[in-house]
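Notes follow once the structure below has been shown.
For ligands, and for the atoms within them, numbers begin at 1 and follow the listed sequence. Note that these values count all heavy atoms, side chains included, but never hydrogens, waters or copies made by symmetry. This structure is a prediction, so every number in the text was calculated from the model and none was measured.
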Amino acid sequence: MLTTLRRIVLEFSQNAELDSALHRMVEQIKETMKTDCCSIYLADHLKQHFLLVASDGLAERSLGQTTIGFTEGLVGLVGQREEPLNIANAQNHPQFIHAPEVEEDEFNAFLGTPIIHRRKVLGILSIQQKHARYFNENEEAFLVTLSAQLAASLANAEASVLITEQDSNRHLKKALHGVAGSSGVTIGEMFVVYPAVSLSTVSLKRTKSPELELQLFEEAVAKTITDFDFMTNKLQGIIAENFLDIFDMYKQLLDNANISKEVSEKIRTGWTAESALKQIIDGYVVQFEALEDQYLRERASDIRDLGDRLLLNLKKLNINEQELPKEFILVAEEVTASMLAQYQHQGLKGVVSLHGSNNSHAAILARALGVPAIMGIEKIPLGQLHQKACIVDGYSGELFVQPNETLLREYQHLITEEILLADKVKTVAKLPAITKDGHEIELQLNAGLSSGFEHSKNSGAEGIGLYRTEIPFMNRSCFPSESEQTQLYQQVLSAFPNQTVTMRTLDVGGDKSLPYFPINEDNPFLGWRGIRITLDHPEIFLLQVRAMLRANVGQGNLQIMLPMISSTLEVEEATRLINQAYYELSTELDFTGDEKLLRPKIGIMIEVPGIIYQLPELAIKVDFFSVGSNDLTQYLLAVDRNNARVSGLYDSYHPAVLRALNQIAEQSSRACIPLSLCGELASEPAGALLLLAMGYDTLSMNAHNIAKIKWVIRHVDFTAVKMMLAHVLTISTSKQVHSYLNEQLEQFGLGGFVRAGM
Ligand code: PEP
Ligand code: MG
């Protein structure tokens, strides 16, 4: 039974044409379940009805014609109850509706199951039989399992239809849905980027069909040779002839006598093509790397490159050789922080990522760039999006592919309103963040993405509250040297003279990886991450801290912040290493004039809930605390910030999170230690007001939000927000918290931000 079930689902998902896939499926189900009729109805949520789309048993002329309202008939009942309905004699059921055109008079038994994807009923699958009887438990279990498995494939198939559909009128309000990742709206052309593949990520697998693998490999070799010819032609006359020799060398290596032959032999011994390729290429790389001759040793990277290109063709991905349009919306299976760092100055207008969620680092960086983003969008064949026009609605998480004129006009209007609101708040950017009754709070910047600080410098912030040092580490092929890092940090520190710049030590792991330092983990956010990595690699930590201390000579505005601290021991160990770097440098460096090596303030991020119970001990060991509410929320609620499937549960306004944030503020005040918050919550109007009321000294956010938060703070009374907080802390559900906060913002005259989703 399981095999049959898998076969049906597989065949359905492999069929490129939705109509024929549905027809084939009902035939297969009818045959497998030895029944007289099988039908499928798809939900149209706009029209609030189910449409009969495929059936083996009901009248053919009713297909695509017969509709049943969401609250009508047995099909409607299955949808409403969201559970199977098993009836021996359907015609006697009080909710049965007689629809003569479907010709079902002879059927009595009825079993219907809902097809539900992400809590939404996509359709109803039903079987019917002439003989009046209840379907047995096995039959019911089979249909329920089938429906559950079909749900994702059906959602994908519907999404594809939506993209390829030529009748643009249908798209008036039909959208692909994802998670709102970065607010704002943008209209433009999509550009799909495929991930770079690397043999280092291939795990070895055996195959039972070496002939097929051989054929795949031969095709990949042929495609790779064509690629090299294409590149040679394209670059001829543009770069010197001797540089083109590299492609000839690659082709020679692919020649039968060399790599190709060895890979083929390996495949014949039972390895998949990818595994065989990995083993042979790795073998060559090791041999080359061991050579004395430096020139030959460096050829190891050519071999690795060649292997990766073969792998790419084996995976049948299209390498992105096309030129980027002047402006584009970046679309990828997984848009990463490093992709954004790469494309930020190249015309990036929006982001659509199949993976990830609203607090993935890619989403946070899109917000920092002021670029609308949709994350975790339903699975769609990416190729179909390439070069198509679309609207990205970063407020609702909706993507409209090939929108029609009416929709475009609607969204153009929204964009204009957005610009007006942004212009309005800009008028207070340079004024202090002070409430109407005189309570002031410091606003600082979250930075790290861009090396140019012009925009950030003019944002009205007072220094940097979080400099994410890992971002400049991303688009490189190895760790930056001490002097490269020193130069970079000098630029940052000197851009904000006389204002503090809080540099966080390298915080990779989780959803941030470095191409030259792969971390493979089953549970990346609970694993080797942040300070855990750098304490395990003191050479990386020391190099970074030395560069920070050197950059601070003559500046004096550096603070060092440690991410992901989960124990006092980690703080002691990190402080010891910082002291070591300080003593080493104090003996190594010669100082001129007033310059001297300074010991910076050291602080920790509060991200791991456990340390909330150790704040008094930690306060003695460090100079400041900064709450990372993005991680604190995910760890307190056990909700992966990078997983769209649970994005509805990730909520920094959950009463537990708010109470924890309040406790942190109370304890920090008792310990007289400066407290800031640098998670995304600080950049939201309601979040900022709650934190202000809790007593946070500093809020740190991206440059685009500074003026907005100043506007918000300048339009409230501190006494009023204190009362608002007191009430919020008594509420027990997130939903109630949100609706109460929205009401309050309306009362403060700040409802425009709620309605605009800002
Ligand atoms: C946080 O976790 O809130 C934070 C600011 O750090 P990051 O988002 O970089 O993990
Ligand atoms: Mg964090």
Side-chain angles (χ1 to χ4, degrees), residues 181-182 336-338 340-341 356-369 373 375 443-449 461 464-474 501-514 519 524-534 559-566 570 603-612 624-643 647 650-654 657-658 660-661 664 675-684 687-688 690-691 696 698-703 705:
S182 169
T336 58
S338 60
L340 292 186
S357 193
N358 52 345
N359 278 288
S360 301
H361 281 92
I364 290 175
L365 295 184
R367 298 202 274 272
L369 289 171
M375 309 295 292
L443 300 193
Q444 290 196 318
L445 282 177
N446 286 356
L449 186 58
I464 296 186
L466 165 64
Y467 180 75
R468 291 184 165 100
T469 56
E470 54 279 0
I471 314 284
F473 278 56
M474 285 176 169
V501 171
T502 310
M503 291 197 175
R504 178 171 75 182
T505 59
L506 193 67
D507 185 22
V508 286
D511 63 344
K512 281 178 293 186
S513 60
L514 303 175
I519 303 165
F525 279 107
L526 293 181
W528 207 44
R529 218 203 134 184
I531 197 78
R532 299 171 183 180
I533 295 182
T534 46
Q559 300 196 134
I560 295 181
M561 181 155 78
L562 309 169
M564 269 290 282
I565 289 293
S566 61
E570 285 170 344
I604 57 163
M605 291 195 73
I606 303 177
E607 304 184 282
V608 178
I611 63 164
I612 298 177
F624 63 92
F625 290 157
S626 183
V627 177
S629 55
N630 306 335
D631 276 315
L632 188 64
T633 302
Q634 85 161 336
Y635 294 131
L636 267 171
L637 302 180
V639 179
D640 182 345
R641 65 193 265 187
N642 202 30
N643 183 343
S647 67
Y650 181 101
D651 189 356
S652 296
Y653 297 87
H654 187 295
V657 179
L658 294 178
L661 291 172
I664 295 169
L675 175 67
S676 78
L677 185 139
C678 57
E680 295 300 294
L681 185 66
S683 60
E684 294 166 18
L690 288 171
L691 296 165
Y696 279 72
T698 306
L699 302 181
S700 191
M701 63 202 71
N702 73 52
N705 287 312

Item to check | Side chains of Q444 and S700, donor plus acceptor under 3.5 Å | outcome: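 S700 and Q444 do not have a side-chain donor-acceptor pair below 3.5 Å.
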Checklist entry - Going by distance alone, is a donor N or O of one side chain under 3.5 Å from an acceptor N or O of the other, for N643 and S357? => result no
Determine whether any heavy atom of [X] lies closer than 4.0 Å to an atom of ligand 1.
X	answer
R529	yes
R641	yes
E680	no

Item to check | Distance-only N or O hit between ligand 1 and E470, under 3.5 Å | outcome: no
Taking the side chain as C-beta and beyond, is there a heavy-atom pair between [X] and [Y] under 4.5 Å?
X	Y	result
E607	P563	yes
I604	I611	yes
L632	I612	yes
I464	T502	no
M564	E570	no

Using a 4.0 Å cutoff against the non-hydrogen atoms of [X], which atoms of ligand 1 qualify?
X	answer
G628	1 (C), 2 (O), 3 (O)
I364	8 (O)
C678	5 (C)
K512	9 (O)
L466	5 (C)
G679	3 (O)
R504	4 (C), 6 (O), 7 (P), 9 (O)

Checklist outcome for this item: The residue among I531, I606, V608 that forms side-chain contact (heavy atoms from CB on, under 4.5 Å) with I565 is I531
Next on the checklist: Exactly one of L691, T698, V627 should register a side-chain contact (heavy atoms from CB on, under 4.5 Å) with L675. Which one does?
Outcome noted: V627
Next on the checklist: Please check: side-chain N/O of Y650 versus main-chain N/O of L637, any donor-acceptor pairing under 3.5 Å?
Outcome noted: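 Answer holds: no.
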Next on the checklist: Any side-chain to backbone donor/acceptor pair from R641 onto Q634? Under 3.5 Å, distance only.
Outcome noted: no
Checklist entry - What protein N, O or S atoms come within a distance below 2.8 Å of the Mg ion (ligand 2), ordered by chain and number? => result E607 OE2, D631 OD2
Item to check | Minimum-distance protein heavy atom relative to atom 7 (P) of ligand 1 | outcome: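 Its nearest protein heavy-atom neighbour is H361 NE2, 3.1 Å.
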Checklist entry - Nearest protein heavy-atom contact for atom 2 (O) of ligand 1: which residue, which atom, what distance? => result E607 OE2, 2.8 Å
Checklist entry - Looking at R468 and D507, does any basic side-chain N land under 4.0 Å from a carboxylate oxygen? => result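 Not counted as a salt bridge, because no side-chain N and carboxylate O are separated by less than 4.0 Å.
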